[in-house]
Amino acid sequence: MKIYNTLTKRKEDFVPINEGKVKMYVCGPTVYNLIHIGNARPMIIFDTVRRYLEYKGYEVNYVSNFTDVDDKIIKKANEEGVSSEEISNRYIEECKKDMEGMNVRPATTHPQATREIQGMIDMISSLIEKGYAYAVEDGTVYFSVKKFRDYGKLSHKNLDDLQSGFRAIRVSGEEQKKDPLDFVLWKPKKEGEPFWPSPWCDGRPGWHIECSVMAKRYLGEEIDIHAGGEDLIFPHHENEIAQSECCNGKPFAKYWMHNAFLNIDNRKMSKSLGNFHTVREIAGQYDLQVLRFFMLSAHYRSPLNFSAELMESSKNALQRILECAEMLKDRKNSGAAELSEDEKALLLQADSFRQAFEDAMDDDFNTADAVAAVFDLVKFANSNTREGCSGAFAAELLKKLTALTDVLGLIVEKKEEILDEEIEDLIAQRQAARKAKDFAKADEIRGRLLEMGIVLKDTREGVKWQRA
Ligand code: AMP
Ligand code: ZN
């Protein structure tokens, strides 16, 4: 399996630090508003990477943070006259709803910056002790970029170029820093802002330190994959490397993966440009599975331009997969139970689509080609599943199809929802059957409910039920 590593600018063989296990960290959103579909791109992409790693047999520890202390959150809180905590909690919950709609699985851990302040203070103290950071008079702590010889290795920038770029920019309030390149680890509180006590001043952390601390706490000093959108390469990820490697004395992440932008009219979709669609807005027009399909139809390192036409064609394409799955499901329960010799041969042939799918995913998660392999399987199933084919044949094809769509996080087999009233109704019918001493019918209804995941309990107060 090969992964394109931003650090080396090459596709490399994937070899995890510990055999069979993958430690993966993905920078998550700043929670001050509903997420937009640009933010959804890394969520869907790296969720798919995680699913494929698991499909290949790896045990994946997947950590993704919520940045819940930030200027934008504070601004929003002040506008609404509520606390920053209320804003971030609200939008974390909303973000989780969107994730569920897009079938993005919850991370193993979703740490929040405000709950990791002590860890950040400890790491900053250690950086000061080792000579990589310094506090100035007002209590601000800066990281000394020039002390870290490898600075720039991820973004492939050299210090001299950076230096000349920065000389021109003077940030007010930062006159005390020793070098224009130095970045903030801790800053003093301002009126109306949340703050925490620290050895330097009451204040709050800079942005970059949270990820170094959370990655270390939940995954360890050395991790396998660190990921996020390409706008994070510089300065965020570059600064994370500087903090982690200077503090721990070890290489931080082995593979750095970055998704390209989701654009609209060929410009990056972003809150600040105002050219965005929220995931919630899209959910009002489409099943979010369509959005997921749209994201996977391009390679993650290629820019993707959002358009109504592309969403429509994604909807139609997804529909073809769903119809094929539906057809296989219908046929599964009819016809012969045994495979014919011809069908056995066809199934061997169908294995080539799984192989093509894996080849595509092994090549730096080429989901565009992987989706094409799924369509080849759909075409094959449609043309080889005739009236009179065995149920076993349809069942095997459906299994092959769902194995692949599961990796992509596309749901083709919807679990049938059963409503409370339907359950109550069936229970009433069962009671009536029992009263009429028709125990066979009563048992049959209990069996039907069980198949739908409903367990009945006969108690003194009557029949109780619960979802299994
Ligand atoms: P933010 O909330 O801005 O920190 O962004 C959260 C994640 O979304 C980061 O990984 C960003 O790189 C990513 N992101 C933001 N905008 C876009 C976009 N238009 N296309 C792709 N990724 C994006
Ligand atoms: Zn981060």
Side-chain angles (χ1 to χ4, degrees), residues 6 24-47 49 62-73 76 87-88 91-92 94-95 98-99 102 104 107 109-113 116 119-120 123 154-155 183 185 205-219 223 225-244 252-253 256-279 282 291 294-296 298-307:
T6 308
M24 184 164 176
Y25 188 97
V26 182
C27 293
T30 307
V31 279
Y32 67 103
N33 226 326
L34 290 175
I35 59 164
H36 62 71
I37 57 176
N39 302 131
R41 191 172 189 194
M43 286 179 183
I44 291 170
I45 293 298
F46 298 117
D47 176 66
V49 168
Y62 189 97
V63 176
S64 189
N65 65 309
F66 287 115
T67 297
D68 61 352
V69 54
D70 173 89
D71 289 344
K72 287 172 277 200
I73 299 172
K76 176 100 172 178
I87 296 292
S88 53
Y91 290 109
I92 286 171
E94 297 299 342
C95 178
D98 288 338
M99 284 168 60
M102 298 185 292
V104 168
T109 316
H110 278 292
Q112 288 173 231
E116 309 286 338
M120 297 192 228
M123 189 177 274
L154 181 71
S155 50
F183 61 86
L185 297 171
W207 169 35
H208 316 296
I209 192 75
E210 69 179 77
C211 292
S212 286
V213 167
M214 296 176 195
K216 181 173 175 172
R217 171 153 185 208
Y218 296 100
L219 296 172
I223 68 174
I225 301 175
H226 196 123
E230 67 181 11
D231 52 339
L232 300 186
I233 298 173
F234 187 86
H236 184 55
H237 286 164
E238 198 69 74
N239 292 353
E240 279 189 42
I241 293 177
Q243 296 161 159
S244 294
F252 179 31
W256 287 86
M257 295 181 71
H258 295 97
N259 63 275
F261 291 143
L262 178 76
N263 294 331
I264 188 158
D265 301 324
N266 297 309
R267 286 175 79 195
K268 181 193 172 193
M269 184 178 286
S270 76
K271 289 261 163 67
S272 55
L273 289 173
N275 60 350
F276 63 89
H277 294 290
T278 61
V279 170
I282 299 298
L291 181 67
F294 162 74
M295 297 286 185
L296 296 174
H299 190 275
Y300 75 93
R301 283 189 292 114
S302 307
L304 177 59
N305 206 40
F306 177 83
S307 71

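Both ligands and their constituent atoms are indexed starting at 1 by order of listing. Everything quoted here is computed from the prediction, not taken from an experiment.
- At a 4.0 Å cut-off, not a single heavy atom of Ser270 sits close enough to ligand 1 to count as contact.
- At a 3.5 angstrom cut-off on N or O pairs, Ala260 does not count as close to ligand 1.
- Residue His36 touches ligand 1 through its side chain alone, judged by heavy-atom distances below 4.0 Å.
- Using a non-hydrogen distance threshold of 4.0 Å, Ala227 does not register as a contact of ligand 1.
- For ligand 1, the atoms lying closer than 4.0 Å to a non-hydrogen atom of Gly229 are 10 (O), 12 (O).
- Annotation: His208 is not in aromatic contact with His237 [ring centroid separation under 6.0 Å not met].
- Set against the non-hydrogen atoms of Asp231, the atoms of ligand 1 under 4.0 Å away are 11 (C), 12 (O).
- For the pair Lys268 and Phe261, the cation-pi criterion (under 6.0 Å, within 45° of the ring axis) is fulfilled.
- Those atoms of ligand 1 that come under 4.0 Å of a heavy atom in Met269, given as number and element, are 16 (N), 18 (C), 19 (N).
- Taking the ring centre of Phe252 as origin, the terminal cationic atom of Lys216 falls outside the region bounded by 6.0 Å and 45° from the ring axis.
- Contact annotation for Asn259 and ligand 1: only side-chain heavy atoms (C-beta onward) come within less than 4.0 Å of the ligand.
- Protein heavy atom closest to atom 13 (C) of ligand 1, with residue, atom name and distance, is Pro42 CG, 3.7 Å.
- With distances taken over non-hydrogen atoms, the option nearest atom 23 (C) of ligand 1 out of Ser64, Pro29, Gly38, Pro303 is Gly38.
- For a distance bound of 2.8 Å, the N, O or S atoms of Cys27 include one lying that close to the Zn ion (ligand 2).
- The closest approach of Glu240 to the Zn ion (ligand 2), by N/O/S atoms, is made by OE2.
- Aromatic ring centroids of Phe294 and Phe306 lie under 6.0 Å apart.
- Considering all non-hydrogen atoms of both residues, Ala260 and Pro303 come closest at CB-N, 3.6 Å.
- Side-chain atoms of Ser155 do not come within 3.5 Å of backbone N or O of Phe234 as any donor-acceptor pair.
- Nearest-residue assignment for atom 20 (N) of ligand 1 (options Asn39, Leu262, Asn275, Val31; heavy-atom criterion): Leu262.
- Residue Leu232 has at least one heavy-atom neighbour below 4.0 Å for each of these atoms of ligand 1: 9 (C), 10 (O), 12 (O).
- Remark: the Asn65 side chain and the Glu210 side chain contain an N/O donor-acceptor pair separated by less than 3.5 Å.
- Between Thr30 and ligand 1, at least one pair of N/O atoms sits closer than 3.5 Å.
- A donor and an acceptor atom, one from each side chain of Ser88 and Gln112, are nowhere located under 3.5 Å apart.
- Backbone or side-chain N, O or S atoms of His236 reach the Zn ion (ligand 2) at under 2.8 Å.
- Ligand 1 lies out of reach of Met43, whose nearest heavy atom is not under 4.0 Å from it.
- A donor-acceptor contact closer than 3.5 angstrom is absent between the side chains of His36 and Thr278.
- With contacts defined as side-chain heavy-atom distances shorter than 4.5 Å, the pair Ser212/Met120 does not qualify.
- When all heavy atoms are compared, the tightest approach of Pro111 to Tyr218 is CB-CE1, 3.6 Å.
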